[in-house]
Each structure stands twice: as structure tokens, then as C-alpha cells.
Amino acid sequence: MKIIIAGAGEVGFHLAKLLSYESQEITLIDTDKNSLAYASDHLDIRVIKGDVTSIAILNEARINRSELFIAVTSSETTNITACVLAKELGAKQTIARISNSEFLDQTEFGFTKFGIDELISPETLAAAEIELLLNQYGFNDTYEFEEGKLTMLSLRLSRTATFVGKTVREAAEVFPELHFVPIAIQRFGTQYTIIPRGDTEFKEGDKVVFITSKGGDEELFELSGKVKTELKNIMILGGSKIGYKTARDLCKGKFNVKLIESDKEIAFDCADDLPNALVINGDGRNVELLEEENISDMDAFISVTGNSETNIMSCLVAKSKGVKKTIALVENMDYYQLSQSIGIDTLINKKLLAANNIFRYIRRGEVVAMTKLTNMNAELLEFKVTSRSKITRHKIKDLDFPRSAIIGGVIRHDIGIIPLGDFQIELGDKVVVCSLPRSITQVERFFF
């Protein structure tokens, strides 16, 4: 697939890096010579120095032959303009990164008529991820399919988890009516991802990813040995776009929100726009300030400043003060592997969230949604079953499905189902599959 990426900043470089691993034909365009030189030295891609809104530059990139054009520069206006031009010049699909979330809310104002197929806001994605994590307290990672018809949840198994020491088959026999299924396991202290089979044993310390249908999260929470506690009081460090959006969304719900911002002007703007949140102008790195603001009474602490190290350290301080749930925004992907070992519940990364959202466009078959499992070598894909799909020909147990992939759930008539071996997938179903990278091509063949 020929893909053109406009913008060699953090999001653009990260996308180019991930896509180049997929052996895609990538062209990266930017005006910054140093950013392009770095990308060219580290990635097997083509780079072009120039303005992405220049028709001559787009023609030089052979825009008329591109299957996907992704504009992720820091300028929203540039991204929208570039996508409009790219579509006119022959790009099949276009995606624009935006910062104004108002564009996402205006569903009646369709950007497709201007030639933009998809709008992506990394900040909005991050704020939505944080809200979902708070609503699914007790789980480290979450992802919803079809507005919660099926949900992906991950947790680390404690010694008290009911199914520790049992195989998947034994657990299924003991709890036959449950609404969840394990789809990936990472053994404690390793980076090795296992797609579980019937004889796979659950062990203490495992990070296990589950797909759940309605009610499955409650059952899973109970069986995992955790104690259910409601989150009510939330402290947010950083009044950035993510901090502001998170506070705004949480204030609409059941949460009491306290936001700390060091910049006086930003703090006053947040206070004006967020009447239901308590906004404090102060340095959140100051432990005395956090104690004065009763951090030990908080149920969750979310650090989304522009500095990854500040976010990590402040979450560790919050954890030491007894805060139940901590979430840190990080830019460095290498920090992901540290999250569990140092005690932070969840790390989130804007680049990864944006990349996950865009990745479904390069997958073959009718891919509705897609996410990479955090810190695990596996992908979670939602396929729409069409009349061409081979997946409908046999029951699940009779399909020659790759062993390093698993069907986790099916959505039929807006109802989430955890399918067993005797289940037969039908035209119109949406199927959630977890797969290791080596099997994705085989999996895709079942759906196109």
C-alpha cells in the first residue's frame, strides 16, 4: 500500500515507524530538514522536503497513486487544506489530525464532501481513554467495540484471583455461564505474548487481556480477587488540552474534579470554562501543595502535563499517598514497559492512540476498529463480515484458524456474544479477533 504522511513531528514519525515495519511504501513530507534527516536515517522510507499544501510537492510524492494520505502536522488548518488538495489530486482516502474537538461534535457538518474521510484528534482520544479507564476501575487497559457491546479489559492476576492455577478449559468448566474470554496473556517479567488455548494455565502475576460482553466486567472484577470501590474524587495535574477535555468530560458525570495548573493564565481560562471543577494555580510537583489539596483523599490521580517525567513522578507520589488509581501521559514509548514494575496503574500515549485509530485503514478486509495491545505484541481487530468472507463457511471449531490468533467476540444485531466452538459466524456479524503479527495476513484472508 502506498501511504503519504504529511508532518514529520512526533505523531508523523511514530506512524511512519509503525507502518514501515508493515512493509508499506511510505513517503514522509515536512518542511523541517532535521526531522526528515532523522526519519530517513532511522526508517526505510522516502522523504520529501516541502510544504504539504503545495500542489507541486504533492505531485512529486505521486499523490495520484496513493491509497492513503495522512496529514498530522501541528497545524490543523494545514492538515485540512492538505487533505482537500490530496483528494482532488487523486488520493483514495484522507485522514486529518485536528485539535478543535468541535469539528468532531458537528456530525451534521460532514467533512467528507470536502474530501476528508476521517478526522483524528489525539487529545480527544486520550481524554476518552482516561474516562473509560476511570469507569472501568480495577483494569489497566480498556477498549470498547460498538459503544460497549464488547469490551477489551486487561488486568494483572493477583494470588487471590479465582482462576489462578487453572487452565482455560478448567476455568470454563467451573464458570460456564460467564460473559468473558481470555484472548492474550503476558507472563510476569517477560515480554512474550501468548494466545491462550484450552491447556494454557493462568499464573499469579500474569497480565491477561479479556473480551467481555455485557456484565462480563463485573464478573471478571469479582473473580480477579479485587475489591470493588467507586471512584468519585479525581485530581488532574496539567491544564493542557487533554487535561481540560478530561476535566470537562468528567464534570458532566459523577466525578468531583480538582485540576492543578502551574501557568496562571491557563489556570484562569480553565476556571472560567469549567465552573464545576475546582481549579488551582500551583506547581503540581510540589508535594506540600498536593498534601494541602488532600491528595490522600483522592480516588484517582491523572497527570497530563507536557513532561513525561513529571507525570510519572507525580503519579508515584500519589500512589505513595494511597491514591487507588493513577494514570500518566507519556511521550516516550520505552516507558510503557516500566508502568507495572514501578507501580503506576496505566500509561497512555497520544501517538499510540492516534496510530491505532489510523491503522485499521491499512488492514485488508472490512476492518471497523483496531487497537494494538499495550506493551504486548498483538493486535485486536474488529472485522465486518461480508458476502465474500470465508469465515461463514464453517463453525468456529472447524475453521482452519491460525493458532496464534483467536476469535474473542461477535456482535450480532447490536448484541455482544462470546462465541464457543459450535458457534457459526453469519453475514453482517462483526467479529473481534486477537492476533500475533505473524498471523494477521492469514486472519485477513477469512474476511475478504
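Treat the numbers as computed from the prediction; the structure is a model and nothing was measured.
The number of heavy-atom neighbours closer than 6.0 Å to CZ of Arg412, taken from other residues, nucleotides and ligands shown, is above 12. For Lys254, the NZ atom counts as densely surrounded, since its 6.0 Å shell holds more than 12 non-hydrogen atoms of other residues, nucleotides or ligands. Lys390 NZ: more than 12 foreign heavy atoms inside a 6.0 Å radius. The environment of CD in Glu88 is sparse: at most 12 heavy-atom neighbours from other residues, nucleotides or ligands sit within 6.0 Å. For Lys319, the NZ atom counts as densely surrounded, since its 6.0 Å shell holds more than 12 non-hydrogen atoms of other residues, nucleotides or ligands. Residue-environment remark: CZ (Arg438) stays at or below the threshold of 12 foreign heavy atoms within 6.0 Å. Counted within 6.0 Å of CG on Asp400, heavy atoms from surrounding residues, nucleotides or ligands total 12 or fewer; the atom is thus considered open. Atom CG of Asp263 has more than 12 neighbouring heavy atoms from other residues, nucleotides or ligands inside a 6.0 Å radius.
Listed for the Ser240 side chain is no donor-acceptor partner under 3.5 Å among the backbone atoms of Gly306. A distance-only check finds a donor-acceptor pair linking the side chain of Arg197 to the backbone of Arg403 [under 3.5 Å]. In this structure a side-chain-to-backbone donor-acceptor pair under 3.5 Å is present from Ser121 to Thr124. Proximity of a side-chain donor or acceptor of Ser40 to a complementary backbone N or O of Ala37 within less than 3.5 Å is not detected. Using modelled atom types, no side-chain atom of Ser404 and backbone atom of Ser439 make a donor-acceptor pair closer than 3.5 Å. Within the 3.5 Å criterion, the main-chain N or O of Ala267 finds no donor-acceptor partner in the side chain of Glu261. Here the side chain of Thr326 pairs a donor or acceptor atom with the backbone of Asp345 at under 3.5 angstrom. In terms of modelled atom types and a separation under 3.5 Å, the side chain of Asp206 and the main chain of Val208 share no donor-acceptor contact. A donor-acceptor contact shorter than 3.5 Å links the side chain of His42 to the backbone of Tyr38. A distance-only check finds no donor-acceptor pair linking the side chain of Ser66 to the backbone of Phe69 [under 3.5 Å].
Using a 4.5 Å heavy-atom cutoff, the side chains of Ser99 and Lys241 are in contact. Contact check for Phe210 versus Asp217: no side-chain heavy atoms found under the 4.5 Å cut-off. Between Val257 and Asn276, every side-chain heavy-atom pair lies at or beyond the 4.5 Å cut-off. At least one side-chain heavy atom of Glu146 sits under 4.5 Å from a side-chain heavy atom of Lys430. Contact of the Thr212 side chain with the His179 side chain is not registered, since no non-hydrogen atoms from C-beta on lie closer than 4.5 Å.
Put simply, CG on Asp269 and OH on Tyr244 are 9.5 Å apart, with the number rounded to the nearest 0.5 Å. Taken to the nearest 0.5 Å, the CG atom of Asp273 stands 10.0 Å off from the CZ atom of Arg248. Taken to the nearest 0.5 Å, the CZ atom of Phe255 stands 11.0 Å off from the OG1 atom of Thr246. In this structure, the separation between CG on Leu133 and CD1 on Ile348 is 7.5 Å, given to the nearest 0.5 Å. In this structure, NZ in Lys325 is found 11.0 Å from SG in Cys315, a value given to the nearest 0.5 Å. Considering CG of Leu153 and CG of Leu132, their distance stands at 8.0 Å, rounded to 0.5 Å.
For the 3.5 Å distance criterion, the side chains of Thr386 and Ser389 qualify, holding a donor opposite an acceptor. Residues Thr310 and Asn307 bring a donor and an acceptor atom of their side chains to less than 3.5 Å of each other. In summary, the side chains of Thr193 and Asn377 do not present any donor paired with an acceptor at a separation below 3.5 Å, with no hydrogens or angles considered. In this model, a donor atom of one side chain and an acceptor atom of the other lie less than 3.5 Å apart for Asn79 and Thr73.
With salt bridges taken as basic N to acidic carboxylate O contacts below 4.0 Å, none links Glu123 and Lys245. Between Lys384 and Asp429 there is no salt bridge, since no side-chain N of the basic residue sits under 4.0 Å from a carboxylate O of the acidic one. In summary, Asp32 and Lys49 do not engage in a salt bridge, as defined by a charged side-chain N under 4.0 Å from a carboxylate O. Using a cutoff of 4.0 Å between basic side-chain nitrogens and carboxylate oxygens, Asp299 and Lys232 are not scored as salt-bridged. The pair Arg97-Glu76 does not count as a salt bridge, with every side-chain nitrogen at least 4.0 angstrom from each carboxylate oxygen.
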Next item on the list: Just do the ring-ring contact (aromatic ring centres under 6.0 Å, His included) check on Phe448 and Phe383 with the steps written out, would you?
Entry: CA-CA 10 Å; Phe448 70 84; Phe383 291 95; 9.2 Å; no
Next item on the list: Any chance you could lay out the side chain to side chain contact (heavy atoms under 4.5 Å, CB included) test for Ile411 and Val431, step after step, and finish with the verdict?
Entry: CA-CA 6 Å; Ile411 299 170; Val431 182; over 6 Å; no
Note to self: If you apply the rule salt bridge (Lys or Arg N to Asp or Glu O under 4.0 Å), what do you find for Asp117 with Lys92, and how did you get there?
What the structure shows: CA-CA 9 Å; Asp117 297 301; Lys92 288 183 181 174; over 6 Å; no
Notebook entry, point to check: Passes side chain to side chain contact (heavy atoms under 4.5 Å, CB included), Ile4 versus Ile70? Steps please.
Noted result: CA-CA 6 Å; Ile4 298 174; Ile70 308 168; over 6 Å; no
Next item on the list: Start with the C-alpha distance between Asp141 and Tyr143, add both sets of side-chain angles, then the distance that settles side chain to side chain contact (heavy atoms under 4.5 Å, CB included), and finish with yes or no.
Entry: CA-CA 7 Å; Asp141 302 299; Tyr143 190 86; over 6 Å; no
Checklist line | Derivation and outcome, side chain to side chain donor-acceptor pair (under 3.5 Å), residues Thr305 and Asn311 | finding: CA-CA 6 Å; Thr305 73; Asn311 295 338; 2.7 Å; yes
Next item on the list: Start with the C-alpha distance between Val323 and Ile295, add both sets of side-chain angles, then the distance that settles side chain to side chain contact (heavy atoms under 4.5 Å, CB included), and finish with yes or no.
Entry: CA-CA 7 Å; Val323 177; Ile295 188 171; 4.0 Å; yes
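Nearest approach of Ala39 to Phe13, heavy atoms of both residues: CA-CE1, 3.8 Å. The nearest pair of heavy atoms linking Leu237 to Ser303 is CD2-OG, 3.5 Å. The two residues Phe180 and Ile418 have their closest heavy-atom pair at N-CG1, 4.1 Å. Residues Thr94 and Ala86 approach most closely at CG2-CB, 4.3 Å, considering heavy atoms. For the pair Val84 and Phe114, the tightest heavy-atom approach, listed with the atom from each and the gap, is CG2-O, 3.4 Å. Of all non-hydrogen atoms in Ala300 and Leu231, the two that sit nearest each other are CB-CD1, 4.5 Å.
The side-chain contact (heavy atoms from CB on, under 4.5 Å) test with Leu329 is passed by exactly one of Ile302, Leu347, Ile130, Ile242: Ile242. Exactly one of Ile80, Thr78, Leu58 qualifies for a side-chain contact (heavy atoms from CB on, under 4.5 Å) with Thr53. That residue is Thr78.
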